[in-house]
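These numbers come from a predicted model, not from an experiment. Letters A, B, ... mirror the listed sequences (proteins, then strands); counts begin at 1.
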Number of protein chains: 2
Amino acid sequence: MKSTGLLVDCGAPPTGDSHTDCHKVIMPVRDALDVISGKWKLPIIIAVSRGHNRFRDIERSIPKITSKVLSKELKDLETHKLIRRTVYNTQPVQVEYTLTPYAATLESVIVALQQWGLQHRKKILGK
Amino acid sequence: MKSTGLLVDCGAPPTGDSHTDCHKVIMPVRDALDVISGKWKLPIIIAVSRGHNRFRDIERSIPKITSKVLSKELKDLETHKLIRRTVYNTQPVQVEYTLTPYAATLESVIVALQQWGLQHRKKILGK
DNA sequence: GTAACCAGTTTCCAAAAGGTAAGTGCTTTA
DNA sequence: TAAAGCACTTACCTTTTGGAAACTGGTTAC
């Protein structure tokens, strides 16, 4: 799911009636999904929020992620202002990834997904 | 190494094994994303929940979706027990899509995404 | 002096997602 | 009788995603 701009072009909103109500929910949800959907973005945000701030540390904390994918997703998250990359000119150079304050606004999304995922797993695995 | 406050409480002490701690959040979130991520699944659920129950009606209510994609996503949602497909043997056959009670459990996820999407759009446009 | 760690990048490739356009078989409406 | 609606399906194609593996250019530990 790739869009050109920062917000989703949902086309012309259907005028009036029952569609409008629907559209008012669909559009914001699509805006949000555009930023955070995909296999890796939220796991990365969670890992960084739990104190995994170095590249290899994040990589190790997320099962099955590869360095190539991590590198690309970190760049995406940086352009969406959810993660900040800081380079310290130590010897050798040390790179630290931290969440921006803006990323904290995703907390309710993460909590909702975590809780739904938990009960879903219980439901699927026999209960 | 400061935290932004995005700390999801998953019952483990922050001083414990940070990888285990982290996985308790990542795994459920990934379980949830497996079911609902992608460009169309939540928009379809929203449309159906708003009373768009016929194929063409759903199609019209979601900007830019095509019948091919809608058909495929509806099948996926059916196998995940989120949508029920009912065929009435009228002349001609009438097909109705409805949400299962289980789909209602996604409400908090949808609300969280909708609200985040709303403020995100405001942030992007209104700065 | 070589093995390992760091922060990535590169290449090659397969699979999944998604768009375009047309068609199917049926029925209803003008 | 033609057009349009319903519920889809099919074929073809491009884009996106992501996995595997090697590699780079530095540093540090044994």
Side-chain angles (χ1 to χ4, degrees), chain A residues 1-6 8-11 14 19 26 29-30 33-44 47-48 51-80 83-98, chain B residues 1 19 26 30 33-45 47-48 51-80 83-98:
Chain A
M1 182 204 306
K2 193 72 182 192
S3 79
T4 46
L6 283 163
V8 177
D9 173 21
C10 288
H19 285 296
I26 289 177
V29 168
R30 289 207 43 195
L33 287 176
D34 210 40
V35 177
I36 58 143
S37 95
K39 196 170 174 178
W40 303 112
K41 286 187 184 66
L42 287 180
I44 290 168
V48 174
H52 302 283
N53 302 102
R54 308 281 299 274
F55 191 89
R56 292 286 175 210
D57 192 15
I58 300 166
E59 195 176 353
R60 275 189 298 263
S61 72
I62 302 172
K64 309 241 172 125
I65 200 169
T66 63
S67 48
K68 179 194 143 183
V69 168
L70 178 56
S71 173
K72 183 231 164 204
E73 298 286 285
L74 283 169
K75 280 172 191 160
D76 286 359
L77 290 167
E78 228 191 311
T79 72
H80 282 295
I83 274 188
R84 181 171 35 243
R85 182 179 184 267
T86 315
V87 182
Y88 298 99
N89 59 346
T90 47
Q91 287 299 328
V93 194
Q94 194 173 313
V95 181
E96 196 181 76
Y97 295 93
T98 47
Chain B
M1 225 151 277
H19 281 179
I26 289 178
R30 289 207 43 194
L33 287 177
D34 272 355
V35 178
I36 58 144
S37 93
K39 195 170 175 177
W40 303 112
K41 286 188 184 67
L42 286 180
I44 290 167
I45 287 172
V48 174
H52 302 283
N53 302 104
R54 307 282 300 275
F55 191 90
R56 289 287 172 211
D57 191 15
I58 300 166
E59 194 177 354
R60 275 188 297 264
S61 72
I62 302 172
K64 305 222 174 147
I65 200 168
T66 64
S67 47
K68 179 196 144 182
V69 167
L70 177 57
S71 174
K72 184 231 162 204
E73 298 287 285
L74 283 169
K75 279 172 191 160
D76 287 0
L77 291 168
E78 226 191 314
T79 72
H80 279 118
I83 273 188
R84 180 170 37 244
R85 181 180 185 265
T86 315
V87 182
Y88 297 99
N89 59 346
T90 48
Q91 287 299 327
V93 270
Q94 194 173 312
V95 181
E96 195 181 75
Y97 295 93
T98 47

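In this entry the distance linking OH of B:Tyr88 with C1' of D:dC6 reads 16 Å, nearest Å. Taking atom CG on B:Asn89 and atom P on C:dC26, their separation rounds to 17 Å, with Å as the unit. D:dG18 atom C1' lies 12 Å from atom NZ of A:Lys41, rounded to whole Å. For A:Asp34 and C:dA17, the CG to P distance is 17 Å, given to the nearest whole Å. Rounded to whole Å, atom C1' of D:dT16 lies 14 Å from atom NZ of A:Lys39. At whole-Å resolution of the value, CG in B:Leu70 and P in D:dC6 are 13 Å apart. In this structure, A:Gln91 places its CD atom 11 Å from P of D:dG26, rounding to the nearest Å.
Scanning all heavy atoms of the two residues, the minimum distance from B:Glu73 to B:Trp40 falls at OE1-CB, 3.7 Å. Across all their heavy atoms, A:Asp57 and A:Gly51 have their closest contact at OD2-O, 3.9 Å. Residues B:Tyr97 and B:Val48 approach most closely at O-CG1, 3.6 Å, considering heavy atoms.
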What string of B, S and - do you get for nucleotides 3-16 of chain C 5' to 3' if you count protein non-hydrogen atoms under 4.0 Å? ---SBBBBBB----
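We find the CD-CG distance between B:Gln94 and B:Asn53 to be 10.0 Å, quoted to the nearest 0.5 Å. One finds the CD1 atom of B:Ile26 at 5.0 Å from the CD1 atom of A:Ile62 (value rounded to the nearest 0.5 Å).
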Can you list the steps and then say if A:Lys41 with A:Leu77 is a side-chain contact (heavy atoms from CB on, under 4.5 Å)? CA-CA 7 Å; A:Lys41 286 187 184 66; A:Leu77 290 167; 4.0 Å; yes
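The pair B:Lys75-B:Glu78 fails the salt-bridge criterion, with no side-chain N (NZ, NE, NH1 or NH2) lying under 4.0 Å from an Asp/Glu carboxylate O. Look at B:Arg30 and B:Asp34 and you find no salt bridge, because none of the NZ, NE, NH1 or NH2 atoms lies under 4.0 Å from a carboxylate O.
Nearer to the 5' terminus of DNA chain D, by closest-nucleotide assignment, is the contact made by A:Glu73 (compared with the other of A:Pro92 and A:Glu73).
Applying the 4.0 Å criterion to OP1 and OP2 of C:dG19, one finds that B:Trp40 has a side-chain N or O inside that range.
Residues A:Arg85 and A:Val95 form a side-chain contact, since some pair of their non-hydrogen atoms from C-beta on lies under 4.5 Å apart.
Over its full length, the helix from C:dG1-D:dC30 to C:dA30-D:dT1 turns its helical axis through 0°, comparing axes from the five pairs at each end and rounding to 10°.
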